[in-house]
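Down below is the structure, laid out as structure tokens.
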Amino acid sequence: MPILSYREAIRTTLIEEMDRDPTVILLGEEIGLYQGTFRMTADLLERYGPRRVIDTPTSEIGFVGAAIGMAMLGLRPVVEMMTWNFSLVAFDQIVNNAAKIRYFSGGQVDIPLIIRGPNGAGVQLSAQHSQSFEALYAHIPGLHVVAPATPAEAKGLLRTAIRGSDPVIFLEHAALYGSKGEVPDGEFAVPFGAADVVRSGRDVTIVAYSRMLGTALEAAAHLAGEGIEAEVINLRTLRPLDRSTIVESVGRTHRAVVVQEQWRPFGAAAEIVATITEGAFDALDAPIERVTGADVPMPYARNLELMALSNAGDIMRAVARTLYREIPTPNGRSSGGQSDA
Amino acid sequence: MPILSYREAIRTTLIEEMDRDPTVILLGEEIGLYQGTFRMTADLLERYGPRRVIDTPTSEIGFVGAAIGMAMLGLRPVVEMMTWNFSLVAFDQIVNNAAKIRYFSGGQVDIPLIIRGPNGAGVQLSAQHSQSFEALYAHIPGLHVVAPATPAEAKGLLRTAIRGSDPVIFLEHAALYGSKGEVPDGEFAVPFGAADVVRSGRDVTIVAYSRMLGTALEAAAHLAGEGIEAEVINLRTLRPLDRSTIVESVGRTHRAVVVQEQWRPFGAAAEIVATITEGAFDALDAPIERVTGADVPMPYARNLELMALSNAGDIMRAVARTLYREIPTPNGRSSGGQSDA
Amino acid sequence: MADLQSALSWYRRMVLVRRFEEETERAFRRGKIGGYLHVYSGQEAVAAGFISAMRGDDICFTSYRDHAIALLRGSPPGAVMAELYGKAAGLARGKGGSMHLFDVGRGFYGGYGIVGGHIPLALGAAYALRYQGSDRVCLCFLGDGAMNTGAFHESLNMAGLWGQTGHCPLVLIVENNGYAMGTSVARSSAVTDLASRFTAYAIPSERVDGMDFQTVRLAAERAVADARASGRPTAVEAVTYRFAGHGAADVVQPYRSKEEVEQARRRDPIRLLEGHLRAAGLLDDAAAEAIREEAEQAVLAAVRHSEDSPPPSPEALHADVYGKEA
Amino acid sequence: MADLQSALSWYRRMVLVRRFEEETERAFRRGKIGGYLHVYSGQEAVAAGFISAMRGDDICFTSYRDHAIALLRGSPPGAVMAELYGKAAGLARGKGGSMHLFDVGRGFYGGYGIVGGHIPLALGAAYALRYQGSDRVCLCFLGDGAMNTGAFHESLNMAGLWGQTGHCPLVLIVENNGYAMGTSVARSSAVTDLASRFTAYAIPSERVDGMDFQTVRLAAERAVADARASGRPTAVEAVTYRFAGHGAADVVQPYRSKEEVEQARRRDPIRLLEGHLRAAGLLDDAAAEAIREEAEQAVLAAVRHSEDSPPPSPEALHADVYGKEA
Ligand SMILES: Cc1ncc(C[n+]2csc(CCOP(=O)(O)OP(=O)(O)O)c2C)c(N)n1
Ligand SMILES: Cc1ncc(C[n+]2csc(CCOP(=O)(O)OP(=O)(O)O)c2C)c(N)n1
Ligand SMILES: [Mg+2]
Ligand SMILES: [Mg+2]
């Protein structure tokens, strides 16, 4: 299997699908002449021309809405959201149109629409440019919410998204764009709603997705050094959510730590905690722990920003609490990540 | 104490605060000449004139953003969101500006802004007009999220909101506008972050807010007939969330049912469940139950709409499950309310 | 006059629309129709004029004020009424209701409830039609109030841009009925000559008398032909009037006087067209009566159909949230 | 020439801004400044011209391209630079960074990162100033790209309406620097005469040479005086050019040619003003050198200050999310 970066995995999937299906078209800001803010669409304007690679004005309402209309007429638009922060401008289009038109039309149209781009914090991009919106979108019926953590997943989930018939919120993470991994050849696809048990273990279940999967695995490796075997689950999609894989795992490990990058209150981890409480109540030997970002708009100063984000040490300490024991942890305490609203 | 309707409680508070403080001004669609879509601002244009009661065009981005700017300059704008469904158009202004400006300016400005209006389902308003957005807004640091269930709370919380220094998402419920109750006279205020134990009981804790409080109380009354004493907690504010009152109650009752009107996945109830799991784990004798709306865009047909909403029977059945027993329930099964993403 | 000859059939449909709306108001008061109800009475010449200029395979989008669009486009009155009754036989299977009529088979891509929110959809649909190599066009009806939304602005600027290369066969019809709910155009738009606002997007536009079917129709034919030939957007402001309240709940109407409404009713588009037809000898008392009677029967049949047909089955609740499995 | 006399002090500040921006680019490359960095080089005459026309108690809003606004409005270079360094002594206590400079004490109500998102704030602020009975005015700087946002449209229409009764002393300054990131005005706006787009809101506007300080300043004085006297909005399109990439990461710039940039640099606003001043005998080599040296020292001092000062304390993380307890 070839080794690709997360970026290459996405880019080559776009190319494969565009070569295969002329109804797949791209639109967004700076995807053409500029070659893509993160170079995801480099050369694609030259390759497919301006009718299939559409540079738009700074008009998220306009181009997201237009993509919905295109999808209703049978195209398969893939919108690049330069970063998901800007999607709030188009929130009404996504929630009130993309997610609901199939339903309120009584099933008369498909909406095969992908909106993709980086979600979550970068480095010192401050409050308006460091947000992670999976909890918002996963609340909305009619949307699929996808958050690949590896190059293979990025490719496989994007293929499933492009060949589907419903709107997909495709949440990438800029911190992962350069990361590499094996990616199966050919028409490889990853189904929605199937979480991946990335590492097995008997002592505790750590649930993560997107960028925090790597942090969880880092924690798990350290924990192994302490004799603690953590099972690590990568959700891959939040809607649909693979509840049974999570519940089954906690049924075996009796302990759970749920990790998310963003603000804790009413965040994605709460749904996972509720799922475990509902499905594996009798198996639980300790309160479920949440490891999350600090409940503050992201600060600019790097020292504060690091405090606002969780690290492997935070996950290890949470695991230790579920085991009612103390363990040495590598990272300093990021005191920020544990506060409430 | 005088008896007022929920609507009168809000309207008289607006009047009292406008009489007291000339910096309080109102803006929104149809609040003036039209007298308010729900007549909340009836006669106020005549009373305070067009400079303090501003009819706006259908421009949520514009008038919500303008209200933020007014607040930065020291006014206390109260925006009427005709219904919260339309707030998605202004979502960027609320999340990226109102909630964050204080923070990213390093604390240089107050944002004493209230956005108020009805949240949740009406009767047959269908998919784009029946939404309940508390989970979305309560996720955002920098906002307060308030959801009064009674006339007294409506008054007391609105007063706290208007005299505060931060943006408040003030979620009313049109189904409550006509409901009546005693409202204390004078400068009565209800603090944020203080839940109310509306009914005490030893067998199970039911947590609810806004319209669903009434449904929870209805269920509790029926349950009492079966010899089950439910404690009912009215949250009143979701951000800040009064975690200790919830945890303390479940510590006594050992069982919990959390009720919300809206879609279950990643909904507000999940945060309450996580809070209980974290705070009262050892006290729990049964899995926490969630009673929620169906995970679908709201359908128009009345029979489907009723299925999509939870009723007292659903709450009673959930309570029964936490008690591992069967009890007769009054309402027919609303099979819709329990499905997952 | 060949022209007027064919207008007769549109007169017939306008009469049906008016009678249909009266019946929806009655059914609303009887509690048979729920939710919001926005009738089209007074504006019939606008939709009729534009829909008469559409080809069978052209498409359109509109707001929640959508009953007339469906009926004029040929959706069966029974299916439209059944939708308002929330029945399984409804145009959207009872899932959408008054604000969300949909008849994709007839090129009607729906009614939408968020003001301005459908305009970008129509923009994208127009692009798709050209991208697919067809010469079909897309019509987008919108209210005067919708012009003040960000969705309008972003879409129109993009339409202007896409039109530069002939990729935007979009016809925008501003139904200027004087009000957005209770807010008059002068109180909601800094510029009251709404057609002129399109110059900010380099989109040609004209303002026409929206009460006169023949005038609307001619403008519509020009606009549709232009869009089809050039792939460029074009806009028409049709000046009309909303005879009824904004919605069924808007009874008192403190924002306008009875006299103003009376005045406007004097230029009732149906009576105006009737006058033209009579003057041309294409209609007499008997024929007019027959048309009214035909509308009466069609509407009563639609009501009976709606009363008699069953609500959606419980399974419908969870159907159509997603399509075939991803 | 009295006019030109006072221009000398603005020349001095423009030199400081240019030198400051060079230093921020260097510090960015050295990893001292994080995040995004959008410099103002090439556009100095626009901000200088407009800020020179502001009264001490007037206020302004802008986008993320905000360093010059703060500096020209009088914020200490050390505090501005410390903000970019993420230090506690920064203009926003290290919490905002390059995109969110704020100096409310000097009437600078902030830099904002969502394109177009600050325009409604400025609208509301202008209203508040009048509501409070003052004759203060509010300036809103925005990019050519920001004109294509819904936030722009909704705000401008409301500004036009509020201005009808004199309640909107708002001056809109479109800094047309040719590009929104890599998208030229012709590729992002259906109409390239941006000033003309304001007619859709009945807001008077003019287009001026944004490279010539004196020209900008005259237009600014007219606009500010108008807004102050009438309480009505007014707009100026200042045609300028962005010498650097969009942000520090925009190095290759495949969307424009080196020649185009060279060409634009020939009308460097600082050299143009320098030329005027020299021609009028208000500046000679020695004075120019002294001004450059003064800027050099100010910038180096700002860097030293920023290097030496401490980061925010850990407690700052949770401070300023909310104000005093509700
Ligand atoms: C974004 C949004 N804001 C507010 C509303 C409430 N609302 C419904 S119709 C309407 C007025 C629209 O007027 P116009 O576009 O002229 O259409 P008309 O009703 O006259 O056909 C408003 C404000 C809405 N549906 N959507
Ligand atoms: C809503 C939104 N969409 C996209 C972006 C990304 N972005 C940052 S700057 C910019 C271009 C803005 O151009 P212009 O308004 O001309 O300002 P300039 O950078 O030229 O000063 C874009 C698209 C953003 N910040 N906000
Ligand atoms: Mg109207
Ligand atoms: Mg620009």
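All figures in this text were calculated on a predicted structure; none of them were measured in a lab. By convention in this document, chain letters (A, B, ...) are assigned in the order of the sequence lines, proteins followed by strands, and residues within each chain are numbered from 1.
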With chain B as the partner, which of A:Ser126, A:Ala99, A:Ala274, A:Ala269 has the greatest number of non-hydrogen pairs under 4.5 Å? A:Ala274

Most contact-rich option vs chain B, by heavy-atom pairs under 4.5 angstrom, among A:Ile61, A:Asp92, A:Asn85, is A:Asp92

Could you tell me if the side chain of [Y] sits less than 4.5 Å from the side chain of [X], heavy atoms only?
| X | Y | answer |
| --- | --- | --- |
| A:Phe266 | B:Val145 | no |
| B:Leu284 | A:Phe281 | yes |
| B:Arg243 | A:Pro265 | yes |

Begin with the C-alpha distance, continue with both residues' side-chain angles, and end with the deciding distance and a verdict on side chain to side chain contact (heavy atoms under 4.5 Å, CB included) for A:Gln131 and B:Asn96. CA-CA 10 Å; A:Gln131 301 169 94; B:Asn96 274 324; 2.8 Å; yes

If one checks every heavy atom of B:Thr277 against chain A at 4.5 Å, the contacting part turns out to be both

Whatever's closer than 4.5 Å to a heavy atom in chain A on B:Glu134 counts as neither

Interatomic distance, CD@A:Gln262 vs CD1@B:Ile140, rounded to 0.5 Å, equals 7.5 Å

Nearest 0.5 Å, what's the NE2-OG distance between B:His139 and A:Ser132? 7.5 Å

Working for side chain to side chain contact (heavy atoms under 4.5 Å, CB included), residues B:Gln128 and A:Val95: CA-CA 9 Å; B:Gln128 293 185 323; A:Val95 174; over 6 Å; no

Over all heavy atoms of both residues, which pair between B:Ile288 and A:Glu278 is shortest? Give the atoms and the distance, please. O-CG, 3.7 Å

Do the charged groups of A:Arg290 and B:Glu271 touch, with an N to O distance under 4.0 Å? yes

Determine the option with the most heavy-atom pairs under 4.5 angstrom with chain A, choosing from B:Ala270, B:Gly279, B:Pro297. B:Pro297

Determine the option with the most heavy-atom pairs under 4.5 angstrom with chain A, choosing from B:Gly193, B:Ser87, B:Gly267. B:Gly267

Could you go step by step and tell me if B:Phe91 and A:Val89 meet the side chain to side chain contact (heavy atoms under 4.5 Å, CB included) rule? CA-CA 7 Å; B:Phe91 203 65; A:Val89 172; over 6 Å; no

Tell me, for A:Asp242 versus chain B, whether the close heavy atoms (under 4.5 Å) come from the side chain, the backbone, both or neither. neither

